[in-house]
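Quantities reported herein were computed from a predicted structural model and do not represent experimental measurements. All heavy atoms count here, side chains included; hydrogens, waters and symmetry mates do not. Chain naming here is simple, since letters A, B, ... match the order of the sequence lines and numbering starts at 1 in each.
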Protein chains: 2
Amino acid sequence: MSKIEPSWDYYRTFLMVLKEGSLSAAGRELGLTQPTVGRHVDAMEEMLGFPLFTRSPQGLLPTDAAQALRPYAETLAATSAALLRAASGQQDTVSGTVRISASEVVGIEVLPPILAELHAQYPDLTIELSASDAIEDILRQEAEIAVRMAAPSQDALVALHIGAVPLGFHAHRRYIERRGMPKTLADLSRHSLIGYDRETAAIRAIIARSPDLPEVRFALKADSNLAQLAAIRAGFGIGICQNALAARDPDILPVLADGFTMKLETWLVMHENLKTAPRCRVVFDALAKGLRAYIRQPEVATVQ
Amino acid sequence: MSKIEPSWDYYRTFLMVLKEGSLSAAGRELGLTQPTVGRHVDAMEEMLGFPLFTRSPQGLLPTDAAQALRPYAETLAATSAALLRAASGQQDTVSGTVRISASEVVGIEVLPPILAELHAQYPDLTIELSASDAIEDILRQEAEIAVRMAAPSQDALVALHIGAVPLGFHAHRRYIERRGMPKTLADLSRHSLIGYDRETAAIRAIIARSPDLPEVRFALKADSNLAQLAAIRAGFGIGICQNALAARDPDILPVLADGFTMKLETWLVMHENLKTAPRCRVVFDALAKGLRAYIRQPEVATVQ
DNA sequence: TCTTGCTCATACATAAAAGTATAACAACGA
DNA sequence: TCGTTGTTATACTTTTATGTATGAGCAAGA
């Protein structure tokens, strides 16, 4: 039963050529030379029996067949990276690499202090932070731990409910002094509103739960919640952001705080298999503690 | 950014050594020689920084660390197999390989005629049938299409509800002539019952829906539903099987057909990404049609 | 006790894959 | 228009990986 399977390395170079668009660039990225990369592609094409790229002097154009194979190659790459991370933590001590997936806002505004404290406690721990709104599938092992804004539906996942992150309209003090403070939701139509460009899953969930939201025209549309936050801080207008983030800056004022509230349920998600891995356990616990503290923060501020 | 990543082929040989338990056996299976396999393992150990196996003259014993890495390597193997299957169907025509996961009973008793007709229509199609009760995860790409007995909870899956497969007690005519036909559920305690050894998910679901099931002591316990079916056919005693299967053989009689009914909801599941793949589409449609016909079959038999 | 059969480890020869150098071609900008 | 920089493709060389052959150790069975 010794059938000849092609080298798995071919898939790696194939994916890199797909990503980079040329043999030369893929070679640079992989630490190989251009002829070698070309030979890998040739070998793979011959073994599959159909062309993967149409060659041209300005690069390689992938065929439809190559595009169809891409997700498999990406899964291979993600899995082998996960294997290496898992191997990095196999020592007796808490060490190695843990990859965390979180939204841009959480990854940039919320997590850094939590991770800083964690790293001070475990210096041998390396954290990979995938600060992107793309839903990296934990099941695909693209990350060990994820901060999610929706309850995970999958089995075989450890999901810890952190709590509800309150959201609200906010604006910079400068903007309010210039344009006045709206008293009702209807007043918003006379203001510069900062909103989303594309509808994401989180936004749809909010809209579904808030039927009294007026139809608004946004003065600034940005897909990135981080850009929206920056616009609020710059005094561009009124936008939605996490109350806890706004409370950090005394110049960011809540707008219509009584009339309108939204909540983002937050979950911490991890592979069930990783429960026993010390490095993941430690990061998971630190994130749970840190995020819960972050959520409690605004309530304390309100009491003041 | 040209960091040196180890060859992905190392993971393949690592997995095979894990499976086979020796360098020589792994080499035989992979079409490599024993020294090569040993070198791969050595290289991998050196790059990871810890031993994967403890060598001995009677084979290699995996360390805990190696066991921890095993699932990753298995995902890699499953994915690369899926890639090759996907590539096999990239031709313009309906061709290539499709892997189907189904329970033993369905795979052996129900699917063969459906697949035979399908293959007659598309001779270039190769079918891989994974006839095992193990729940092969469609998300892990271990199979393109699965016949499941529970509604899939995952998103990103195409799930077609086939219908409910009726189950019931059955016994061979010889057994009934010898031991008599039970009239009530209570009578079952005086009979030779064929039942399960371990509790599976499907069994737990049935028990939950049937609180009037008496506590019974099984005369024959078998994990394999196929073995149970064979025992019924051999006249061992009374067991549960699909009505449609029993109806095929006039010597298999329904027992307590009025007083006790169970149903197994059946779903056909496929990756959403594979909807457009012709070879998968064709198999999916054929299975849907064939399974629906199979389910309708017993009702017709009852009307007779 | 002495085969037989299995294992892993080592030394050496070979084959395969990589790198090097260069040519040919296209696009972009001065 | 011509040089620069990018691309792929080809011939040649070198390195690397693999295969072959062999030795040593352990276990089961005659």
Open item on the list: Whether B:Ser22 contacts C:dC6 is assessed here as follows: a side-chain N or O lying under 4.0 Å from the phosphate OP1 or OP2. Is that the case?
Closed with: no

- [ ] Figure out the CD/C1' separation between A:Gln58 and C:dC25, and round it to whole Å.
- [x] 10 Å

- [ ] Using a strict 4.0 Å threshold on nitrogen-to-oxygen distance, state whether A:Glu45 and A:Arg55 make a salt bridge.
- [x] yes

TODO: Return yes if a side-chain donor-acceptor contact under 3.5 Å exists between B:Ser101 and B:Glu142, otherwise no.
DONE: no

Task: Nucleotide C:dT7, atom P - distance to CD of B:Glu29 in whole Å - done: 12 Å

Open item on the list: Expressed as a whole number of angstroms, how long is the span from B:Leu30:CG to D:dA17:P?
Closed with: 18 Å

Task: Side-chain (B:Arg279) to main-chain (B:Thr97) donor-acceptor, under 3.5 angstrom - done: yes

Open item on the list: To the closest 0.5 Å, what do you measure between CZ (A:Arg99) and CD1 (A:Ile127)?
Closed with: 11.5 Å

Considering only nitrogen or oxygen atoms on both sides, find all protein atoms under 3.5 Å from nucleotides 16-23 of chain C and state each distance.
{"residue": "C:dA18", "atom": "OP1", "partner": "A:His40", "partner atom": "NE2", "Å": "2.8"}
{"residue": "C:dA18", "atom": "OP2", "partner": "A:His40", "partner atom": "NE2", "Å": "3.2"}
{"residue": "C:dA18", "atom": "N7", "partner": "A:Arg39", "partner atom": "NH2", "Å": "3.3"}
{"residue": "C:dG19", "atom": "OP2", "partner": "A:Thr33", "partner atom": "N", "Å": "3.1"}
{"residue": "C:dG19", "atom": "OP2", "partner": "A:Thr33", "partner atom": "OG1", "Å": "2.8"}
{"residue": "C:dG19", "atom": "OP2", "partner": "A:Thr36", "partner atom": "OG1", "Å": "2.6"}
{"residue": "C:dG19", "atom": "N7", "partner": "A:Arg39", "partner atom": "NH2", "Å": "3.0"}

Task: Non-neighbouring partners of A:Ser80 that pass side chain to side chain contact (heavy atoms under 4.5 Å, CB included), sequence neighbours left out - done: B:Glu5, B:Trp8, B:Tyr11, B:Leu76

- [ ] Quickly work out the A:Asp42 CG to D:dT10 P distance and round it to whole Å.
- [x] 9 Å

TODO: Provide, to the nearest angstrom, the distance between the CZ atom belonging to A:Arg55 and the C1' atom belonging to D:dT10.
DONE: 14 Å

Task: Under-4.0 Å side-chain N/O to phosphate OP1/OP2 contact, A:Arg28 with D:dG6 - done: no

Open item on the list: With a 3.5 Å distance limit and no angle check, can you tell me whether A:His271 reaches the backbone of A:Ile138 through a side-chain donor-acceptor pair?
Closed with: yes

Task: Short side-chain N/O contact from A:Ser56 to OP1 or OP2 of C:dA26, under 4.0 Å - done: no

Task: A:Phe53 CZ to D:dA9 P, straight-line distance once rounded to whole Å - done: 12 Å

Open item on the list: Mind checking if B:Gly59 touches a base, just sugar-phosphate, or nothing, with heavy atoms under 4.0 Å?
Closed with: sugar-phosphate

